[in-house]
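Read the structure below first, then the notes.
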There are 2 protein chains.
Amino acid sequence: MKSNDKLESTIVDIARELRISPATVSRALNDHPKISHRTKERVREKALEMGYRRNKLASGLRNNRTYTIGMIVPRISMFFHAEVITIVQNLLHRQGYNLIICQSNDSRELEVDLASALYSSRVDGVLVASTLYTTDYSHFDVFVQKGIPLVFYDRVPVDFYPAQMVKGDEYRGGYLAGEHLAEAGCKNIAAIFGLLGCCLYKGRYAGFKAALKAHKLALKKDQVFFHELTHENALATLDKLFSSKPYPDGLFTANDTSALAVLEFARENKIRIPGDLKLIGYSNDPRAASVTPAITTVDQFPGEVARQLVAALNKLLDNRSKKIMEKPEALVTPVALIKRMTT
Amino acid sequence: MKSNDKLESTIVDIARELRISPATVSRALNDHPKISHRTKERVREKALEMGYRRNKLASGLRNNRTYTIGMIVPRISMFFHAEVITIVQNLLHRQGYNLIICQSNDSRELEVDLASALYSSRVDGVLVASTLYTTDYSHFDVFVQKGIPLVFYDRVPVDFYPAQMVKGDEYRGGYLAGEHLAEAGCKNIAAIFGLLGCCLYKGRYAGFKAALKAHKLALKKDQVFFHELTHENALATLDKLFSSKPYPDGLFTANDTSALAVLEFARENKIRIPGDLKLIGYSNDPRAASVTPAITTVDQFPGEVARQLVAALNKLLDNRSKKIMEKPEALVTPVALIKRMTT
DNA sequence: TTGAAAGCGGTACCAC
DNA sequence: GTGGTACCGCTTTCAA
């Protein structure tokens with residue numbers, strides 16, 4: 001045993017062993033063009049032998065680059081987000097970036113903490129799908145001010161915020177749903193949305209309303225609900241909706257969790273779907289496909305979102321080193337109606 | 001504007017503004033007992049005013065502590081893992097730790113990269129549910145050697161590995177499933193497991209076999225299958241299983257994804273469940289509850305796993321500073337049979 | 001109660 | 001092609 005008492009072997013240790021300078025070792029490990037092939041070989045060999053691993057803290061500190069991207073999502077268990085994360089991670093991994101995934105649990109307080117922690121870790125960029133309750137985005141100001149690439153997606157700021165965005169075509173999604181119900185012959189249509197403070201539901205609601213209007217159908221005030229889209233809330237709303245006639249013959253729920261709840265409610269209350277009630281959900285959650293009857297829903301193409309997200313990030317990362325500030329722009333990703341058995 | 005040209009404000013900037021030393025600023029920000037209350041106030045105020053944020057890279061480099069824990073899971077989209085992650089994150093957040101979540105996509109190659117990246121980031125500890133294909137765990141040796149807390153859970157090494165473990169009671173889970181089918185009167189029982197290289201299926205298989213044996217039932221060689229538990233694989237196996245009589249009257253699938261596939265196959269092939277075939281899955285995936293008929297399954301108590309995991313980690317983190325090395329030990333978390341409509 | 005200064009590990013500028 | 005060295009931002013002796 002030589003000097004293995006020390007836990008970490010550093011670039012200096014390698015230099016000492018090889019009787020060369022730390023600078024040379026650093027350059028060799030970074031494949032610097034001006035280092036001789038032989039030296040590189042020797043250094044790499046020794047590094048391996050000594051179990052050397054670059055200390056990212058040190059190099060990040062020196063370089064102002066950590067090759068780490070932070071991502072904040074409301075819940076990793078949501079199908080859409082899990083998909084986006086997976087693809088983003090794979091894409092970034094290829095580029096040599098690491099991804100720090102953080103969950104806000106839909107708590108703005110936690111989101112604030114997470115943003116702060118990511119900044120403290122000096123991530124090179126941040127991807128965010130905010131909580132449903134985030135209306136004040138000032139906890140992200142620090143990234144904007146320091147010129148750290150920041151891209152919002154899915155749940156993006158409703159009011160102007162000086163950052164890049166990738167958003168789904170919520171309006172069109174809502175429109176497609178409304179149109180489909182109308183064309184299926186529904187005359188008395190109801191709908192359940194999330195809170196309109198969130199861009200998602202704002203868009204879906206607007207599109208849905210427009211579609212009904214285009215088909216000369218009204219969306220009556222007491223047939224539209226806005227609340228957090230949980231299983232329980234959906235059941236409560238259905239109780240209300242089916243407490244007095246006339247019952248609706250078409251229902252749009254702005255997520256699939258609620259649509260699943262509808263199925264459950266219908267089964268218990270002998271409401272036939274699609275016979276008595278036609279149903280459309282949103283997100284194309286796999287559960288919507290596996291349930292009986294399979295639920296008609298709107299696909300958000302998480303893969304496409306992920307690709308746009310990484311593309312936008314890359315552009316910002318490039319511009320950053322070139323010190324050019326791009327005007328923030330909103331990219332829109334497609335949606336599509338997936339027709340199944342509930343309509 | 002004073003010196004706001006510089007993007008980052010550091011402890012030195014604060015010191016200069018306040019005409020005190022950086023050391024004092026550092027101590028004030030860390031709430032050092034010997035700093036006067038007044039100085040602390042002034043520093044904190046100035047820090048806020050200047051938008052100062054501690055640079056974790058620098059403090060981590062200096063302290064050999066990053067207050068960051070790394071976590072490697074096969075897929076965040078799996079219900080069990082999503083649950084564990086969420087609870088682990090919440091627990092660690094309370095303790096002031098950040099969590100880096102990494103996905104191996106069940107690729108050992110990627111797992112190796114991720115382990116290396118986490119070490120490079122000098123995380124204070126690592127939590128791992130390995131890929132199905134990891135049998136060589138040497139990429140984690142670095143953590144063992146440097147005394148960095150390492151805890152495996154769920155998918156743990158089958159052979160001895162010198163690290164702490166938290167594993168589900170797979171044997172008992174398998175036993176409960178077998179016993180339940182036997183007690184339901186099944187005489188011709190089939191089963192689908194994952195590859196036995198993985199501790200999960202090894203345990204579930206052993207328990208299941210033992211239960212059948214205890215009930216004087218045989219598990220025939222051509223009625224047991226071992227393969228990756230995907231939807232497609234399950235359908236293929238079912239084709240085989242139902243290609244010739246006698247058909248099984250009881251089936252255990254070692255995950256819920258496969259059980260869902262069974263439901264789909266049964267529907268298409270007019271097999272009545274539970275009439276013709278009784279079915280048990282594993283994991284208590286929410287989909288198993290929402291489908292019709294709701295699937296009997298085995299709950300793994302992800303919350304309990306998460307708590308044990310964090311407890312084990314904390315113990316190691318404590319011991320580390322005390323420089324005591326604990327003997328690695330395997331903690332076992334409970335499972336429970338959730339009886340529903342398929343049995 | 002506070003300050004001066006060394007140093008964590010790696011990189012890059014300036015020499016040679 | 002290689003070496004010497006200052007420095008990234010923060011913490012922590014040691015000294016006052």
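The chains referred to below are lettered A, B, ... by the order of the sequence lines, with proteins before strands, and numbering in each begins at 1.
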When the distance from CD1 of I20(A) to P of dT11(C) is rounded to whole Å, what number comes out?
-> 14 Å
List for me each residue that meets side chain to side chain donor-acceptor pair (under 3.5 Å) alongside T86(B), sequence neighbours excluded, and say none if there are none.
-> Q103(A)
Starting at OH of Y119(B) and ending at C1' of dG9(C), how long is that distance when rounded to a whole Å?
-> 12 Å
Along DNA chain D (nearest heavy atom to each residue), the more 5'-positioned of L61(B) and H32(A) | H32(A)
Check whether any side-chain N or O of S9(B) sits under 3.5 Å from a backbone N or O of M50(B) as a donor-acceptor pair, and report yes or no.
-> yes
Name of the residue among N64(B), T66(B), N63(B) meeting side-chain contact (heavy atoms from CB on, under 4.5 Å) with L57(A) = T66(B)
Rounded to the Å, how far apart are R16(A) CZ and dG9(C) C1'?
-> 13 Å
List the protein contact pattern of nucleotides 10-16 of chain D with one symbol per nucleotide (5' to 3'): B for base contact, S for sugar-phosphate-only contact, - for none; contact means a heavy-atom distance under 4.0 Å.
-> BBBB---
For the pair made of CE in M50(A) and C1' in dG9(C), what is the distance, rounded to whole Å?
-> 14 Å
Using atom CD1 of I14(A) as one end and atom C1' of dT11(C) as the other, report the distance to the nearest whole Å.
-> 14 Å
How close or far is atom P of dG1(D) from atom NZ of K40(A), stated in whole angstroms?
-> 9 Å
Cation-pi geometry met for R155(A) and F152(A) (6.0 Å, 45°) | no
Using a cut-off of 4.0 Å on non-hydrogen atoms, how would the nucleic acid contact of L57(B) be classed: base, sugar-phosphate, or nothing?
-> nothing
Length of the line joining D13(B):CG and dC8(D):P, which is rounded to integer Å | 11 Å
Could you tell me whether E45(A) and R42(A) have a side-chain N and a carboxylate O separated by less than 4.0 Å?
-> no
Using a strict 4.0 Å threshold on nitrogen-to-oxygen distance, state whether D318(B) and K315(B) make a salt bridge.
-> no
Over how many whole Å does the gap from R65(A) atom CZ to dG9(C) atom C1' extend?
-> 20 Å
